[in-house]
**Q** 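Pasting a structure here, questions to come.
Within every chain, numbering begins at 1; the chains are lettered A, B, ... in the order of the sequence lines, protein sequences first and strands thereafter. Only heavy atoms go into these numbers, but all of them, side chains included; no hydrogens, no water, no symmetry mates. What you are looking at is a predicted structure, and each value in this text was computed from that prediction instead of being measured.
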Amino acid sequence: MAAVKRLKRVAAAQPGFMSFKSSAGSDDLNSGQRKRVNKNKKKNWNKHSDIQDVEEFLDDVRLQERATGGLISEKPDDSLFFVDIGEQRKYVQPEVQEGKKGKKSKSRPLRIDLILQHDSLVPPPKDILAHQQPNAKKLRRIAENAEKLAAMGVLPRRQKRLLNRRPAITASKSKTTANNFPDRPYYDLWGGDAKETADPYYLEQTGKKRVKRPEKLNSKPSVLPAVEVIAPGGSYNPDFFSHQALLLEAHEVEVKRERAELRIERQLAVNREDTATEETVFQELVEGLVEEEEDEDEEEEAVSIRGGLQQEKKTEKERRRERADKIKSQQKQAARVFTDKKQQLFQLRSIQATLKRGEQQTRERVAQRKANQEAEKSMPRRLGRLRFQAQDLEVQLSDEIPGSLRTLKPEGSVLKDRFKSMQKRNMIEPRERAKFKRRHKVKYVEKRAFREIT
Amino acid sequence: MGGLQKKKYERGSATNYITRNKARKKLQLSLADFRRLCILKGIYPHEPKHKKKVNKGSTAPRTFYLFKDIRFLLHEPIVRKFREYKVFVRKLRKAYGKAEWTGVERLRDNKPGYKLDHIIKERYPTFIDALRDIDDALSMCFLFSTFARTGKCHVQTITLCRRLTVEWMNYVVTSRSLRKVFLSIKGIYYQAEVLGQLITWLVPYQFAHDHPTDVDYRVMATFTEMYTTLFGFINFRLYQTLNLVYPPKLDSKAESELKAEHEEDYAMDSESYLEKLSALSASLARVVATAEEEENQLDLFPTEGEDQENMQAREKEQKEQEAQKRLFEGLKFFLNREVPRESLAFILRCFGAEVSWDKSLCIGGTYEVTDETITHQIVDRPDMDKQYINRYYIQPQWVFDSVNAQMRLPVEDYFLGTTLPPHLSPFVEEKDGDYVPPEKLKLMALQRGEKPEEEDDVDDEELTEEKNLKKMEGTRAQGKTLAVKVTPGKVKPWETGSVGNKVRLEQEEKAEEKRLAIMMMKKKEKYLYDKIMFGKKRTTREVNKLTAKRKAHEDASKAQKKQKKAKKQ
């Protein structure tokens with residue numbers, strides 16, 4: 001700020017300069033009276049001395065150097081003047097052709113590039129610090145010594161350590177670490193020695209050992225074979241009877257399906273006689289309205305008799321009799337049991353026969369249960385929401401059987417067959433295609449209260 | 001009551017099972033990822049015996065897994081890879097959304113992937129375990145290799161499956177392990193015997209099939225992913241046992257033969273090698289190039305406890321097998337265009353034949369139609385215009401039937417234009433007394449070496465019979481006695497000669513012994529025996545019924561033919 005003030009003062013002190021506050025009048029300079037200044041003090045050399053002419057001259061010199069690279073007075077004559085001989089129109093035409101592109105031609109440099117170039121011919125001063133190095137000699141000497149030693153084979157300590165260091169294991173990130181590209185290499189998985197690296201306990205505790213696979217997982221989920229060969233009737237040129245057998249099987253499946261459909265219809269069936277006719281409708285309407293009075297009395301009496309049987313007290317006789325009867329019947333029963341037991345001796349044979357029959361039945365049932373269990377092992381298990389739907393038998397009708405391999409039209413799809421086979425063997429659960437559920441937007445209905453307000 | 005009360009569903013089977021959703025939440029995976037993990041690790045859902053107990057009183061159908069299985073899954077390292085992949089997808093989507101293409105490239109370069117090798121090793125600790133499970137893998141890989149290469153499934157998977165199946169077929173060809181073939185309406189069933197294991201697989205036909213919509217592709221793709229890994233390792237090991245180079249290389253001699261003029265027109269360089277391999281017409285290179293060794297007769301030492309008979313039986317079996325492996329050796333085949341090339345080339349090469357086909361059909365045909373040394377040409381058309389003399393023109397079923405019959409069947413039944421005999425299934429094992437179709441009987445007779453009786457034209461027979469009968473009636477009407485003489489009886493072939501006699505005596509002795517044994521049985525045993533024989537007799541009765549039906553059917557068809565002939569004339 002002091003410098004600014006100083007500049008302003010100096011500028012204002014110049015003879016031709018009009019200061020801003022000239023109308024108001026300058027503070028320190030009254031018109032006509034000039035203050036006396038001591039020019040011998042260093043403080044006043046800058047403040048009250050006029051170096052304008054020198055500055056002008058120096059500016060002029062600098063301008064010349066910037067614009068032309070040196071004082072014009074020192075330049076040779078040839079660079080400043082030339083003798084005008086005449087016009088030379090030799091290379092006009094190609095120039096005209098080049099300039100046809102106009103202002104936006106690519107040969108012209110961009111304006112911003114032009115602006116950013118140096119526009120003064122004064123070269124920038126060279127940086128002597130760049131050439132100065134404080135201990136250049138020492139460094140040069142060290143380098144020469146190192147060269148001499150390297151030529152003899154002695155390496156500096158750092159190099160030795162670098163070379164001794166083990167090479168870094170470059171984690172070879174092969175582009176396709178993935179599994180299934182066509183040229184995937186294979187190796188001997190079951191050959192090769194097991195790597196005996198360290199203590200098994202250590203490996204287990206640090207999580208490096210693989211967990212053992214549970215034994216149950218090694219058993220197959222089903223006893224069925226992986227590829228079931230089709231029945232001989234499925235050959236492309238089948239033998240008559242085997243083809244008939246296969247057709248019979250397919251026929252039975254269809255019959256079952258039809259019977260299931262008929263069953264539903266049968267359940268819904270209505271007896272024709274049960275349908276209401278006009279007469280029955282009339283009877284129902286008229287029921288209870290038309291009756292004769294005689295019937296009413298009869299009904300009442302019948303009701304009264306049934307209802308009120310009066311209980312009389314039991315007499316002693318009756319009680320005694322009852323007791324005697326009871327004892328007698330008990331005795332009879334005991335005697336009967338006794339004789340039965342005695343007679344059982346003679347009934348041994350028939351008893352044995354009944355026992356044998358009973359045992360046979362239990363044996364049969366046990367065998368049947370075992371057979372059922374065995375059959376269940378080969379049946380597909382219920383593993384999920386959907387039941388297993390066996391696929392349709394692949395069969396060709398008698399008129400579809402081709403005569404030759406060329407005219408054969410393959411039946412069924414092996415893809416579907418494999419899919420179903422995997423479901424049958426309990427490897428995956430039966431699945432069906434996800435249905436498209438359309439979700440509608442909920443319609444906004446105003447509440448009644450709001451509806452009343454608006 | 002003192003002590004803690006027992007609460008329901010806190011112990012026992014209710015705690016051994018876990019529902020699918022709970023398991024998924026425990027593993028912190030999405031449903032698709034959980035399913036994939038279960039398929040890869042071989043963890044299947046279980047149906048508990050008492051559903052109500054496990055389901056805590058409700059009977060809603062739920063999917064249950066064993067709790068121990070799910071706990072085992074927690075230790076699986078690829079679970080982490082699944083989660084990383086999920087994060088990767090999220091980051092990629094963000095980068096796409098913000099249009100940061102350098103970010104997208106960088107993420108793509110570092111895409112996380114997982115390997116299944118350790119899972120295969122864990123599931124199949126030995127090679128034989130893996131070989132037992134290869135049926136499924138084979139069928140899936142063959143199925144996937146027939147898919148069209150649109151973008152629906154990863155084309156990489158399809159290519160990998162094709163490569164693996166071609167390698168397998170080359171192995172079977174080199175080891176000559178094919179045993180049975182069956183052409184069905186679904187596809188072709190093959191059975192091979194590899195290292196003592198019987199392996200059956202199904203190959204769909206190459207031509208048209210549209211994909212059903214109710215098959216879950218993601219599940220099948222996951223299965224295929226696991227199976228391709230398993231299959232590749234098995235292939236490697238199998239090639240090692242045969243001392244072949246893996247990945248397979250064509251024998252240098254054979255390769256030079258296969259060099260066609262315009263190879264570049266057929267396939268790109270990268271694919272032409274696979275195509276040549278898949279042509280199956282050349283042999284594979286071995287690790288140690290062995291010259292043709294003479295198979296030394298190994299000294300046979302009888303194993304302990306085996307008597308001479310068993311050894312002889314085994315020797316006989318081995319000889320038969322060796323003979324079977326050389327079924328078509330020395331024959332030269334040519335496949336016409338309309339015939340399924342790959343299947344036939346595979347089978348014929350498995351049994352030692354040389355095969356070729358038209359050059360325009362596929363790469364790898366070694367000789368042309370015009371080659372004079374071709375012995376058989378396989379054609380499926382009703383007729384061929386240009387026919388060479390010294391070769392048989394037969395329909396493709398001859399090859400399949402010969403393989404199943406383990407001998408070269410007579411070619412006459414399979415000429416062009418004839419109605420073929422039915423193609424029987426070799427996978428059917430008929431027990432004694434079951435119905436055996438007459439074709440099979442004929443086959444068995446052929447196998448035993450008997451020539452088939454020439455089925456004279458029944459018409460001629462009937463005519464001669466009728467003539468004879470008329471003559472006889474004529475003479476009788478005339479009152480003359482019939483010139484009936486006692487002619488020396490024809491001796492049946494199996495009775496002639498000492499061999500026949502011996503056989504008969506043996507049979508009679510055996511029958512006597514049987515009768516004595518039956519008489520000496522106790523009552524109970526006899527009762528059981530009678531029951532068994534009754535059951536057997538029942539089956540024979542049914543068989544007779546069926547044969548009678550068959551005869552009736554044939555007679556009817558013959559009558560029809562006669563009628564047609566009569567109509568024509």
**Q** Can you check whether A:Leu415 reaches B:Leu143 side chain to side chain, under 4.5 Å on heavy atoms?
**A** yes
**Q** Please flag which part of A:Glu228 lies under 4.5 Å from any non-hydrogen atom of chain B: side chain, backbone, both or neither.
**A** backbone
**Q** Can you name the nearest heavy-atom pair linking A:Val229 to B:Phe427, along with the distance?
**A** CG1-CD1, 3.5 Å
**Q** What part of A:Asp188 gets within 4.5 angstrom of chain B, counting heavy atoms only: side chain, backbone, both, or neither?
**A** both
**Q** Let's test your reading of the structure: which of B:Ser425, B:Pro125, B:Cys161 forms the most heavy-atom pairs below 4.5 Å with chain A?
**A** B:Pro125
**Q** To check you understand the geometry: which heavy-atom pair defines the closest contact between A:Pro410 and B:Tyr205, and what is its length?
**A** CB-CD1, 3.8 Å
**Q** Looking at B:Pro382, B:Gly187, B:Gly232, which makes the most heavy-atom pairs under 4.5 Å with chain A?
**A** B:Gly232
**Q** State the OH-OG distance between B:Tyr189 and A:Ser235, to the nearest 0.5 angstrom.
**A** 11.5 Å
**Q** Is there side-chain contact between B:Lys549 and A:Gln244, with at least one heavy-atom pair below 4.5 Å?
**A** no
**Q** I'd like to know if the side chain of B:Glu47 reaches the main chain of A:Arg382, judged simply by a donor and an acceptor atom lying under 3.5 Å from each other, with no hydrogens or angles considered.
**A** yes
**Q** Looking at every heavy atom in both B:Pro204 and A:Val414, which two are closest together, and how far apart are they?
**A** CB-CG2, 3.6 Å
**Q** Identify the heavy atoms of B:Arg550 and A:Asp239 that sit nearest to each other, and give their distance.
**A** NH1-OD1, 3.4 Å
**Q** Go through the atoms of A:Arg425 and report whether side chain, backbone, both or neither lie under 4.5 Å from a heavy atom of chain B.
**A** side chain
**Q** Who among A:Val211, A:Thr407, A:Ile428, A:Asp183 has the most heavy-atom pairs with chain B under 4.5 Å?
**A** A:Val211
**Q** Only pairs of heavy atoms separated by less than 4.5 Å count here; which of A:Lys416, A:Glu432, A:Lys420, A:Lys216 has the most with chain B?
**A** A:Lys416
**Q** If you count heavy-atom pairs under 4.5 Å with chain B, which of A:Pro402, A:Ala226, A:Pro182 comes out on top?
**A** A:Pro182
**Q** Does atom CD of A:Gln205 have more than 12 heavy-atom neighbours, drawn from other residues, nucleotides or ligands, at distances under 6.0 Å?
**A** yes
**Q** Measure distances from B:Lys51 to the heavy atoms of chain A and classify the residue's part below 4.5 Å as side chain, backbone, both or neither.
**A** side chain
**Q** By a 4.5 Å heavy-atom criterion (distance strictly below it), what part of B:Leu164 contacts chain A: side chain, backbone, both, or neither?
**A** side chain
**Q** Do you know which of B:Leu202, B:Asp117, B:Val219, B:Leu66 has the most heavy-atom pairs under 4.5 Å to chain A?
**A** B:Asp117
**Q** Measuring heavy-atom distances to chain A, does B:Gln240 have an atom under 4.5 Å in its side chain, in its backbone, in both, or in neither?
**A** side chain
**Q** Which residue out of A:Ser421, A:Pro225, A:Ser404 racks up the most heavy-atom pairs below 4.5 Å with chain B?
**A** A:Ser404
**Q** Looking at chain B, which one of A:Glu411, A:Arg431, A:Arg385, A:Arg381 has the largest number of heavy-atom pairs inside 4.5 Å, strictly under?
**A** A:Arg431
**Q** Let me know if B:Tyr217 has heavy atoms under 4.5 Å from chain A in its side chain, its backbone, both or neither.
**A** side chain
**Q** May I ask you to decide if A:Val227's main-chain N or O and B:Thr200's side chain share a donor-acceptor pair within less than 3.5 Å?
**A** no
**Q** Should we say atom CZ of A:Arg418 is surrounded by more than 12 heavy atoms from elsewhere, each under 6.0 Å from it?
**A** yes
**Q** Look at the aromatic rings of A:Phe240 and B:His553 and report parallel, tilted or perpendicular, splitting at 30° and 60°.
**A** parallel
**Q** For A:Gln352, is the CD atom crowded, meaning more than 12 foreign heavy atoms sit under 6.0 Å from it?
**A** no
**Q** So how far is it from A:Arg184 CZ to B:Gln156 CD, rounded to the nearest 0.5 Å?
**A** 12.0 Å
**Q** Drop me the distance from A:Tyr236's OH to B:Phe400's CZ, to the nearest 0.5 angstrom.
**A** 7.5 Å
**Q** Measure B:Pro426 against the heavy atoms of chain A and call it side chain, backbone, both or neither at under 4.5 Å.
**A** neither
**Q** Kindly determine whether B:Ile185 and A:Leu408 satisfy side chain to side chain contact (heavy atoms under 4.5 Å, CB included), including the steps that lead there.
**A** CA-CA 8 Å; B:Ile185 47 182; A:Leu408 169 68; 4.3 Å; yes
**Q** Is a donor on one side and an acceptor on the other found under 3.5 Å between the side chain of A:Asn426 and the backbone of B:Pro45?
**A** no
**Q** Checking heavy atoms, do the side chain of A:Gln396, its backbone, both or neither come under 4.5 Å from chain B?
**A** both
**Q** Determine yes or no for a side-chain-to-main-chain donor-acceptor pair under 3.5 angstrom, with A:Arg433 supplying the side chain and B:Thr213 the backbone.
**A** yes
**Q** Once you measure the plane-to-plane angle for B:Phe127 and A:Trp190, does it fall in the parallel (<30°), tilted (30-60°) or perpendicular (>60°) bin?
**A** tilted
**Q** Under a 4.5 Å cutoff for heavy-atom pairs, which residue among B:Glu225, B:Glu76, B:Glu338 has the most contacts with chain A?
**A** B:Glu225
**Q** To the closest 0.5 Å, what do you measure between OH (A:Tyr187) and OH (B:Tyr246)?
**A** 12.5 Å
**Q** Select one option (side chain, backbone, both, neither) describing which atoms of B:Thr126 are under 4.5 Å from chain A's heavy atoms.
**A** backbone
**Q** With only heavy atoms counted, which part of B:Val215 is less than 4.5 Å from chain A, the side chain, the backbone, both or neither?
**A** both
**Q** Which bit of B:Phe223 is near chain A, if near means a heavy-atom gap under 4.5 Å: side chain, backbone, both or neither?
**A** side chain
**Q** Most heavy-atom pairs under 4.5 angstrom with chain A, which of B:Leu183, B:Asn235, B:Asp129?
**A** B:Leu183
**Q** In Å and rounded to the nearest 0.5 Å, what is the CG to OH distance from A:Leu383 to B:Tyr65?
**A** 8.5 Å
**Q** Let me know if B:Phe236 has heavy atoms under 4.5 Å from chain A in its side chain, its backbone, both or neither.
**A** side chain
**Q** Is the shortest distance from a Lys or Arg side-chain nitrogen in B:Lys186 or A:Glu394 to a carboxylate oxygen in the other one below 4.0 Å?
**A** yes
**Q** Side chains of A:Met427 and B:Asp136: closer than 4.5 Å at any heavy-atom pair?
**A** yes
**Q** Can you tell me which of B:Gln191, B:His154, B:Lys121, B:His46 forms the most heavy-atom pairs within a distance under 4.5 Å of chain A?
**A** B:Lys121
**Q** Heavy atoms, side chains only, cut-off 4.5 Å: are A:Leu217 and B:Phe72 in contact?
**A** yes
**Q** With a 6.0 Å cut-off (strictly less than), is the heavy-atom count around NZ of A:Lys424, excluding the residue itself, greater than 12?
**A** no
**Q** Is the closest side-chain heavy-atom distance between A:Phe419 and B:Asp214 below 4.5 Å?
**A** no
**Q** Hey, what do you get for CZ (A:Arg210) to NE2 (B:His118), rounding to the nearest 0.5 Å?
**A** 5.0 Å
**Q** Could you walk me through whether B:Gln395 and A:Leu405 satisfy the side chain to side chain contact (heavy atoms under 4.5 Å, CB included) test, starting with their C-alpha distance in whole Å, then the side-chain angles of each, then the deciding distance to 0.1 Å, before giving a yes or no?
**A** CA-CA 9 Å; B:Gln395 304 194 31; A:Leu405 197 53; over 6 Å; no
